[in-house]
Amino acid sequence: MKEELIVLCGPTASGKSAVALALCELLGAELVSCDSMQLYRGMDIGTAKPTADERSRVPHHLIDALQPDENCSAARYRELALPIIRSLFEVGKQPVLCGGTGLYIDALTKPLGFSVEGDPAIRASFEREAERPEGKQRLHARLREIDPDSAERLHENDVRRVIRALEVHALTGVTLTEQMARDAVRVGDYPAWLYALDWPRDVLYARIDARVDAMIEQGLIGEVENLLQTGLSRDGTAMQAIGYKEIAAALSGEISMKHAVDQIKQATRNYAKRQLTWFRRDKRVTWIPAEGCSADEIARTIFEEVTR
RNA sequence: GCCUCGGUAGCUCAGUUGGUAGAGCAGUAGACUGAAAAUCUACGUGUCGGUGGUUCAAGUCCGCCCCGAGGCA
(Lines give C-alpha, C1' and ligand atoms only; values in the text may rest on other atoms or scores of the structure.)
Protein backbone atom coordinates (compact mmCIF):
# COMPACT_ATOMS: atom_id res chain seq x y z
CA MET A 1 0.00 0.00 0.00
CA LYS A 2 1.03 3.59 -0.46
CA GLU A 3 2.39 4.97 2.78
CA GLU A 4 0.22 8.05 3.05
CA LEU A 5 -1.42 9.50 6.12
CA ILE A 6 -5.07 10.44 6.28
CA VAL A 7 -5.69 13.20 8.80
CA LEU A 8 -8.93 14.50 10.24
CA CYS A 9 -8.16 17.89 11.73
CA GLY A 10 -10.03 21.13 12.36
CA PRO A 11 -11.60 22.86 15.31
CA THR A 12 -12.81 21.26 18.49
CA ALA A 13 -16.43 20.06 18.55
CA SER A 14 -16.62 19.86 14.77
CA GLY A 15 -17.29 16.11 14.79
CA LYS A 16 -13.85 14.84 13.74
CA SER A 17 -13.92 11.77 15.95
CA ALA A 18 -17.18 10.35 14.61
CA VAL A 19 -16.06 10.82 11.02
CA ALA A 20 -12.65 9.31 11.73
CA LEU A 21 -14.26 6.31 13.38
CA ALA A 22 -16.57 5.70 10.43
CA LEU A 23 -13.68 6.18 8.00
CA CYS A 24 -11.54 3.67 9.90
CA GLU A 25 -14.33 1.12 9.63
CA LEU A 26 -14.61 1.68 5.88
CA LEU A 27 -10.86 1.35 5.42
CA GLY A 28 -10.13 -1.30 8.04
CA ALA A 29 -7.83 1.36 9.43
CA GLU A 30 -6.62 2.21 12.94
CA LEU A 31 -6.90 5.58 14.54
CA VAL A 32 -3.98 7.62 15.86
CA SER A 33 -4.97 10.57 18.02
CA CYS A 34 -3.24 13.94 17.48
CA ASP A 35 -4.61 15.56 20.56
CA SER A 36 -2.30 17.05 23.15
CA MET A 37 -4.73 16.43 26.01
CA GLN A 38 -6.32 13.08 25.16
CA LEU A 39 -2.81 11.72 25.68
CA TYR A 40 -3.36 11.93 29.42
CA ARG A 41 -4.90 9.19 31.50
CA GLY A 42 -7.72 10.22 33.77
CA MET A 43 -8.76 13.15 31.58
CA ASP A 44 -11.72 11.65 29.78
CA ILE A 45 -14.82 13.79 29.99
CA GLY A 46 -13.18 17.18 29.58
CA THR A 47 -11.13 16.10 26.56
CA ALA A 48 -14.14 14.45 24.89
CA LYS A 49 -12.23 11.21 24.66
CA PRO A 50 -13.76 8.42 22.57
CA THR A 51 -15.86 6.06 24.66
CA ALA A 52 -14.90 2.48 25.50
CA ASP A 53 -17.49 1.33 22.99
CA GLU A 54 -15.99 3.46 20.23
CA ARG A 55 -12.52 2.26 21.11
CA SER A 56 -13.68 -1.34 20.87
CA ARG A 57 -14.94 -0.77 17.33
CA VAL A 58 -11.61 0.58 16.06
CA PRO A 59 -8.18 0.43 17.75
CA HIS A 60 -7.17 3.88 19.03
CA HIS A 61 -3.55 4.85 19.58
CA LEU A 62 -2.02 7.67 21.65
CA ILE A 63 -4.99 8.02 23.92
CA ASP A 64 -4.11 7.47 27.60
CA ALA A 65 -0.44 7.27 26.68
CA LEU A 66 0.87 9.54 29.45
CA GLN A 67 0.33 10.20 33.13
CA PRO A 68 -1.21 13.62 33.84
CA ASP A 69 1.95 14.77 35.61
CA GLU A 70 4.12 14.12 32.55
CA ASN A 71 4.90 16.87 30.10
CA CYS A 72 4.68 16.41 26.40
CA SER A 73 5.95 18.35 23.42
CA ALA A 74 5.57 18.25 19.68
CA ALA A 75 8.76 16.26 19.37
CA ARG A 76 7.88 13.82 22.10
CA TYR A 77 4.55 13.30 20.42
CA ARG A 78 6.39 12.62 17.17
CA GLU A 79 8.60 10.06 18.89
CA LEU A 80 5.53 8.34 20.28
CA ALA A 81 3.62 8.38 17.01
CA LEU A 82 6.23 7.42 14.42
CA PRO A 83 6.80 3.84 15.68
CA ILE A 84 3.06 3.26 15.80
CA ILE A 85 2.59 4.52 12.26
CA ARG A 86 5.52 2.48 10.98
CA SER A 87 4.23 -0.71 12.55
CA LEU A 88 0.74 -0.12 11.15
CA PHE A 89 2.11 0.27 7.65
CA GLU A 90 4.21 -2.86 8.16
CA VAL A 91 1.12 -4.97 8.70
CA GLY A 92 -0.76 -3.24 5.92
CA LYS A 93 -3.01 -1.12 8.12
CA GLN A 94 -3.87 2.42 7.14
CA PRO A 95 -3.28 4.93 9.97
CA VAL A 96 -5.99 7.58 10.24
CA LEU A 97 -4.88 10.54 12.33
CA CYS A 98 -7.51 12.50 14.16
CA GLY A 99 -7.11 15.55 16.32
CA GLY A 100 -6.95 19.28 16.66
CA THR A 101 -3.41 19.91 17.81
CA GLY A 102 -1.99 21.52 14.69
CA LEU A 103 1.63 21.57 15.80
CA TYR A 104 1.55 17.85 16.52
CA ILE A 105 0.10 17.15 13.08
CA ASP A 106 2.87 19.23 11.51
CA ALA A 107 5.45 17.36 13.56
CA LEU A 108 4.38 14.20 11.74
CA THR A 109 3.56 15.52 8.30
CA LYS A 110 6.13 18.26 7.76
CA PRO A 111 9.93 18.11 7.78
CA LEU A 112 10.42 19.87 11.07
CA GLY A 113 13.87 19.62 12.55
CA PHE A 114 12.91 19.73 16.20
CA SER A 115 16.52 18.90 16.79
CA VAL A 116 17.13 20.70 20.05
CA GLU A 117 15.56 19.65 23.28
CA GLY A 118 14.65 22.55 25.56
CA ASP A 119 16.82 23.10 28.59
CA PRO A 120 14.78 24.02 31.67
CA ALA A 121 17.69 25.86 33.29
CA ILE A 122 18.34 28.08 30.29
CA ARG A 123 14.64 28.65 29.88
CA ALA A 124 14.21 29.61 33.53
CA SER A 125 17.08 32.04 33.35
CA PHE A 126 15.61 33.77 30.28
CA GLU A 127 12.22 33.83 31.95
CA ARG A 128 13.65 35.55 34.99
CA GLU A 129 15.19 38.12 32.74
CA ALA A 130 11.89 38.66 30.95
CA GLU A 131 10.25 39.48 34.30
CA ARG A 132 12.58 42.39 34.95
CA PRO A 133 11.72 45.91 33.79
CA GLU A 134 12.39 46.22 30.05
CA GLY A 135 13.33 42.53 30.14
CA LYS A 136 11.19 41.55 27.18
CA GLN A 137 12.70 44.33 25.10
CA ARG A 138 16.23 43.29 26.07
CA LEU A 139 15.63 39.65 25.14
CA HIS A 140 14.19 40.72 21.83
CA ALA A 141 17.17 43.01 21.22
CA ARG A 142 19.55 40.17 21.95
CA LEU A 143 17.71 37.97 19.47
CA ARG A 144 17.99 40.75 16.92
CA GLU A 145 21.77 40.57 17.26
CA ILE A 146 22.13 36.83 16.79
CA ASP A 147 19.13 36.07 14.52
CA PRO A 148 17.70 39.23 12.96
CA ASP A 149 15.22 37.32 10.80
CA SER A 150 13.62 35.62 13.78
CA ALA A 151 13.56 38.90 15.68
CA GLU A 152 11.79 40.49 12.73
CA ARG A 153 9.27 37.67 12.66
CA LEU A 154 8.55 37.60 16.39
CA HIS A 155 6.87 40.33 18.39
CA GLU A 156 8.80 41.34 21.49
CA ASN A 157 5.79 40.41 23.63
CA ASP A 158 5.81 36.86 22.28
CA VAL A 159 8.22 35.96 25.05
CA ARG A 160 7.86 32.23 24.66
CA ARG A 161 9.03 32.21 21.07
CA VAL A 162 11.74 34.79 21.64
CA ILE A 163 13.11 32.64 24.46
CA ARG A 164 12.85 29.52 22.35
CA ALA A 165 14.78 31.17 19.52
CA LEU A 166 17.48 32.30 21.96
CA GLU A 167 17.55 28.84 23.49
CA VAL A 168 18.03 27.09 20.17
CA HIS A 169 21.02 29.28 19.44
CA ALA A 170 22.46 28.92 22.94
CA LEU A 171 22.29 25.13 22.78
CA THR A 172 23.41 24.52 19.20
CA GLY A 173 25.11 27.61 17.89
CA VAL A 174 22.66 27.43 14.98
CA THR A 175 19.96 30.04 14.67
CA LEU A 176 16.32 29.13 14.37
CA THR A 177 16.29 30.78 10.97
CA GLU A 178 19.13 28.55 9.81
CA GLN A 179 17.38 25.48 11.17
CA MET A 180 14.16 26.39 9.38
CA ALA A 181 16.09 26.86 6.15
CA ARG A 182 17.52 23.36 6.52
CA ASP A 183 14.04 21.94 7.11
CA ALA A 184 12.67 23.69 4.06
CA VAL A 185 14.72 21.53 1.68
CA ARG A 186 13.78 18.27 3.39
CA VAL A 187 10.73 16.10 2.83
CA GLY A 188 8.30 15.06 5.57
CA ASP A 189 8.12 11.51 6.84
CA TYR A 190 4.83 10.80 5.09
CA PRO A 191 2.66 12.61 2.57
CA ALA A 192 -0.74 13.37 4.03
CA TRP A 193 -4.33 13.97 3.05
CA LEU A 194 -5.81 16.51 5.42
CA TYR A 195 -9.54 16.98 5.91
CA ALA A 196 -11.43 19.34 8.17
CA LEU A 197 -15.12 19.83 8.81
CA ASP A 198 -16.53 23.22 7.96
CA TRP A 199 -19.44 24.62 9.99
CA PRO A 200 -21.11 28.02 10.02
CA ARG A 201 -19.42 29.83 12.88
CA ASP A 202 -22.57 30.32 14.96
CA VAL A 203 -23.44 26.62 14.64
CA LEU A 204 -19.96 25.57 15.74
CA TYR A 205 -20.15 27.87 18.76
CA ALA A 206 -23.58 26.49 19.70
CA ARG A 207 -22.18 22.95 19.46
CA ILE A 208 -19.36 23.94 21.80
CA ASP A 209 -21.73 25.43 24.39
CA ALA A 210 -23.93 22.34 24.29
CA ARG A 211 -20.96 20.02 24.62
CA VAL A 212 -19.66 21.85 27.68
CA ASP A 213 -23.06 21.53 29.35
CA ALA A 214 -23.01 17.82 28.52
CA MET A 215 -19.53 17.45 30.03
CA ILE A 216 -20.76 18.94 33.30
CA GLU A 217 -23.72 16.54 33.29
CA GLN A 218 -21.37 13.64 32.64
CA GLY A 219 -19.37 14.50 35.73
CA LEU A 220 -16.50 16.75 34.69
CA ILE A 221 -16.37 18.28 38.16
CA GLY A 222 -15.81 14.90 39.77
CA GLU A 223 -13.15 14.09 37.21
CA VAL A 224 -11.20 17.22 38.10
CA GLU A 225 -11.64 16.52 41.82
CA ASN A 226 -10.14 13.08 41.31
CA LEU A 227 -7.14 14.46 39.46
CA LEU A 228 -6.49 17.07 42.13
CA GLN A 229 -6.78 14.42 44.85
CA THR A 230 -3.86 12.57 43.30
CA GLY A 231 -1.78 15.65 44.07
CA LEU A 232 -1.57 16.79 40.47
CA SER A 233 -0.12 20.28 40.27
CA ARG A 234 -2.28 22.99 38.79
CA ASP A 235 0.80 24.35 37.02
CA GLY A 236 1.50 21.35 34.79
CA THR A 237 0.61 20.84 31.15
CA ALA A 238 -2.40 18.67 31.92
CA MET A 239 -4.08 21.16 34.24
CA GLN A 240 -3.75 23.95 31.74
CA ALA A 241 -6.34 22.14 29.65
CA ILE A 242 -9.56 24.01 29.03
CA GLY A 243 -12.22 22.71 31.38
CA TYR A 244 -9.74 21.54 33.96
CA LYS A 245 -8.12 24.81 34.95
CA GLU A 246 -11.50 26.51 35.30
CA ILE A 247 -13.09 23.75 37.39
CA ALA A 248 -9.96 23.65 39.55
CA ALA A 249 -10.30 27.39 40.17
CA ALA A 250 -13.94 26.95 41.16
CA LEU A 251 -13.14 24.01 43.46
CA SER A 252 -10.59 26.14 45.28
CA GLY A 253 -13.17 28.90 45.71
CA GLU A 254 -11.55 31.44 43.39
CA ILE A 255 -14.62 31.70 41.17
CA SER A 256 -18.17 30.35 41.24
CA MET A 257 -18.93 27.10 39.47
CA LYS A 258 -21.41 28.93 37.25
CA HIS A 259 -18.69 31.35 36.22
CA ALA A 260 -16.29 28.47 35.63
CA VAL A 261 -18.72 26.82 33.23
CA ASP A 262 -19.20 30.08 31.34
CA GLN A 263 -15.43 30.50 31.14
CA ILE A 264 -15.00 26.98 29.79
CA LYS A 265 -17.45 27.74 27.00
CA GLN A 266 -15.74 31.02 26.26
CA ALA A 267 -12.24 29.54 26.28
CA THR A 268 -13.33 26.67 24.05
CA ARG A 269 -14.84 29.06 21.51
CA ASN A 270 -11.65 31.11 21.51
CA TYR A 271 -9.61 27.95 21.09
CA ALA A 272 -11.75 26.77 18.18
CA LYS A 273 -11.17 30.09 16.46
CA ARG A 274 -7.40 29.76 16.86
CA GLN A 275 -7.59 26.27 15.41
CA LEU A 276 -9.52 27.64 12.43
CA THR A 277 -6.78 30.19 11.82
CA TRP A 278 -4.14 27.48 12.01
CA PHE A 279 -5.84 25.02 9.67
CA ARG A 280 -7.03 27.65 7.20
CA ARG A 281 -3.42 28.62 6.68
CA ASP A 282 -2.54 25.02 5.79
CA LYS A 283 -3.26 24.77 2.08
CA ARG A 284 -3.16 20.96 2.24
CA VAL A 285 -6.48 20.92 4.10
CA THR A 286 -9.70 20.09 2.25
CA TRP A 287 -12.69 21.62 4.02
CA ILE A 288 -15.87 19.56 3.93
CA PRO A 289 -19.21 21.28 4.64
CA ALA A 290 -20.62 19.45 7.63
CA GLU A 291 -24.01 21.03 8.31
CA GLY A 292 -26.81 18.61 7.55
CA CYS A 293 -24.45 15.71 6.79
CA SER A 294 -24.01 12.60 8.91
CA ALA A 295 -20.60 11.35 9.97
CA ASP A 296 -21.11 8.29 7.77
CA GLU A 297 -21.83 10.42 4.71
CA ILE A 298 -18.72 12.51 5.25
CA ALA A 299 -16.60 9.44 5.90
CA ARG A 300 -17.89 7.96 2.64
CA THR A 301 -16.92 11.13 0.75
CA ILE A 302 -13.38 10.96 2.12
CA PHE A 303 -13.19 7.23 1.53
CA GLU A 304 -13.99 7.65 -2.13
CA GLU A 305 -11.43 10.38 -2.56
CA VAL A 306 -8.56 8.54 -0.86
CA THR A 307 -9.23 5.17 -2.53
CA ARG A 308 -9.67 6.59 -6.01
C1' G B 1 -46.37 60.11 46.40
C1' C B 2 -41.45 62.03 47.96
C1' C B 3 -36.02 61.40 48.15
C1' U B 4 -31.38 59.21 46.45
C1' C B 5 -28.42 56.72 42.91
C1' G B 6 -28.10 54.80 38.04
C1' G B 7 -29.35 54.69 32.36
C1' U B 8 -22.59 55.85 27.53
C1' A B 9 -20.00 50.12 22.19
C1' G B 10 -22.95 43.21 22.10
C1' C B 11 -21.52 43.02 27.95
C1' U B 12 -19.12 45.47 32.46
C1' C B 13 -17.88 50.28 33.15
C1' A B 14 -14.39 55.23 32.61
C1' G B 15 -15.34 60.13 31.05
C1' U B 16 -11.37 65.42 34.56
C1' U B 17 -13.46 72.80 35.92
C1' G B 18 -18.97 72.24 29.33
C1' G B 19 -14.97 71.82 23.61
C1' U B 20 -19.56 66.15 19.54
C1' A B 21 -16.24 59.80 23.75
C1' G B 22 -12.44 55.29 25.51
C1' A B 23 -10.82 50.89 28.45
C1' G B 24 -11.45 45.65 29.56
C1' C B 25 -14.18 41.55 27.86
C1' A B 26 -16.81 39.65 23.65
C1' G B 27 -16.43 39.57 18.27
C1' U B 28 -13.45 39.47 13.61
C1' A B 29 -8.71 38.76 11.16
C1' G B 30 -3.71 37.11 11.72
C1' A B 31 0.84 34.69 13.75
C1' C B 32 2.71 29.97 15.42
C1' U B 33 9.34 24.91 14.05
C1' G B 34 10.71 20.18 21.10
C1' A B 35 5.31 24.40 26.56
C1' A B 36 0.45 24.49 21.44
C1' A B 37 -6.50 23.16 25.00
C1' A B 38 -0.26 27.05 25.39
C1' U B 39 1.61 31.85 23.75
C1' C B 40 1.33 36.33 20.95
C1' U B 41 -0.40 40.53 17.29
C1' A B 42 -3.98 43.86 14.87
C1' C B 43 -8.88 46.06 14.43
C1' G B 44 -13.08 50.72 18.73
C1' U B 45 -19.03 55.80 15.37
C1' G B 46 -21.93 54.44 19.57
C1' U B 47 -29.79 58.07 18.39
C1' C B 48 -23.93 59.04 25.37
C1' G B 49 -32.54 56.79 27.83
C1' G B 50 -36.12 60.70 25.51
C1' U B 51 -37.35 65.69 25.00
C1' G B 52 -37.23 71.05 25.72
C1' G B 53 -33.88 74.85 27.39
C1' U B 54 -29.12 77.73 28.84
C1' U B 55 -24.56 78.34 25.86
C1' C B 56 -20.52 80.05 20.30
C1' A B 57 -20.35 74.84 22.12
C1' A B 58 -23.99 69.88 26.40
C1' G B 59 -22.39 62.82 27.67
C1' U B 60 -21.17 66.94 31.09
C1' C B 61 -25.52 72.48 33.47
C1' C B 62 -31.24 73.30 34.16
C1' G B 63 -36.69 71.62 33.43
C1' C B 64 -40.04 67.76 32.23
C1' C B 65 -40.87 62.62 30.83
C1' C B 66 -39.55 57.17 30.44
C1' C B 67 -36.93 52.82 32.51
C1' G B 68 -34.07 50.26 36.58
C1' A B 69 -32.19 49.78 41.81
C1' G B 70 -32.57 51.38 46.73
C1' G B 71 -34.65 54.40 50.74
C1' C B 72 -38.76 57.19 53.27
C1' A B 73 -43.90 57.42 53.88
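All heavy atoms count here, side chains included; hydrogens, waters and symmetry mates do not.
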[N] versus [M] - spacing of their [atom1] atoms, nearest Å:
| N | M | atom1 | value |
| --- | --- | --- | --- |
| B:rG1 | B:rA57 | P | 36 Å |
| B:rA9 | B:rU45 | P | 13 Å |
| B:rU17 | B:rG27 | C1' | 38 Å |
| B:rU16 | B:rA35 | C1' | 45 Å |
| B:rU54 | B:rA14 | P | 31 Å |
| B:rA36 | B:rC13 | P | 37 Å |
| B:rG52 | B:rA58 | C1' | 13 Å |
| B:rG19 | B:rC3 | C1' | 34 Å |

Hey, does the side chain of [X] come within less than 4.0 Å of [N]'s phosphate (OP1/OP2), counting only N and O?
| X | N | result |
| --- | --- | --- |
| A:Asn270 | B:rC25 | no |
| A:Thr277 | B:rG30 | yes |
| A:Asn157 | B:rC40 | no |
| A:Arg161 | B:rA36 | no |
| A:Arg274 | B:rA29 | no |
| A:Lys245 | B:rA38 | yes |
| A:Lys273 | B:rA29 | yes |
| A:Arg153 | B:rU33 | yes |
| A:Gln275 | B:rA36 | no |

Do [X] and [Y] pair up side chain to side chain, a donor and an acceptor below 3.5 Å, judged on atom types alone?
| X | Y | result |
| --- | --- | --- |
| A:Gln179 | A:Arg182 | no |
| A:Tyr40 | A:Glu70 | no |
| A:Arg211 | A:Thr12 | yes |

Whole Å only: how far is the [atom1] atom of [X] from the [atom2] atom of [N]?
| X | N | atom1 | atom2 | result |
| --- | --- | --- | --- | --- |
| A:Glu127 | B:rC40 | CD | C1' | 15 Å |
| A:Leu276 | B:rG27 | CG | C1' | 14 Å |
| A:Asp282 | B:rA36 | CG | C1' | 15 Å |
| A:Arg123 | B:rA36 | CZ | C1' | 12 Å |
| A:Met180 | B:rA31 | CE | C1' | 12 Å |
| A:Lys283 | B:rG30 | NZ | C1' | 12 Å |
| A:Tyr77 | B:rA38 | OH | P | 18 Å |
| A:Asp235 | B:rA38 | CG | P | 15 Å |

Just checking [X]: base, sugar-phosphate only, or nothing, at a heavy-atom cut-off of under 4.0 Å?
| X | answer |
| --- | --- |
| A:Arg280 | sugar-phosphate |
| A:Thr47 | base |
| A:Asn71 | nothing |
| A:Gly46 | base |
| A:Leu176 | sugar-phosphate |

Comparing A:Ala181 and A:Tyr104 on RNA chain B - which has the more 5′ nearest nucleotide: A:Ala181
Closest to the [X] side chain: [options]?
| X | options | result |
| --- | --- | --- |
| A:Asp158 | B:rA38, B:rU39, B:rG30 | B:rU39 |
| A:Tyr205 | B:rA36, B:rG27, B:rA38 | B:rG27 |
| A:Arg201 | B:rA36, B:rU28, B:rC40 | B:rU28 |
| A:His155 | B:rG30, B:rC40, B:rA35 | B:rC40 |

Between [X] and [Y] (salt bridge meaning N to carboxylate O under 4.0 Å), is one present in this structure?
| X | Y | answer |
| --- | --- | --- |
| A:Asp64 | A:Arg55 | yes |
| A:Asp44 | A:Lys49 | yes |
| A:Arg284 | A:Asp106 | yes |
| A:Lys258 | A:Asp262 | yes |

Side chain A:Glu178, main chain A:Thr175, donor-acceptor under 3.5 Å: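 No; zero donor-acceptor contacts below 3.5 Å.
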Watson-Crick and G-U pairing of RNA chain B, under 3.5 Å, as dot-bracket with | and [ ]: (((((((..((((.....[..)))).(((((.......))))).....(((((..]....)))))))))))).
Minimum heavy-atom distance A:Lys136-A:Glu156, with the two atoms named: CB-O, 3.9 Å
Considering all heavy atoms, the nearest A:Ile264-A:Ile242 contact: O-CG2, 3.9 Å
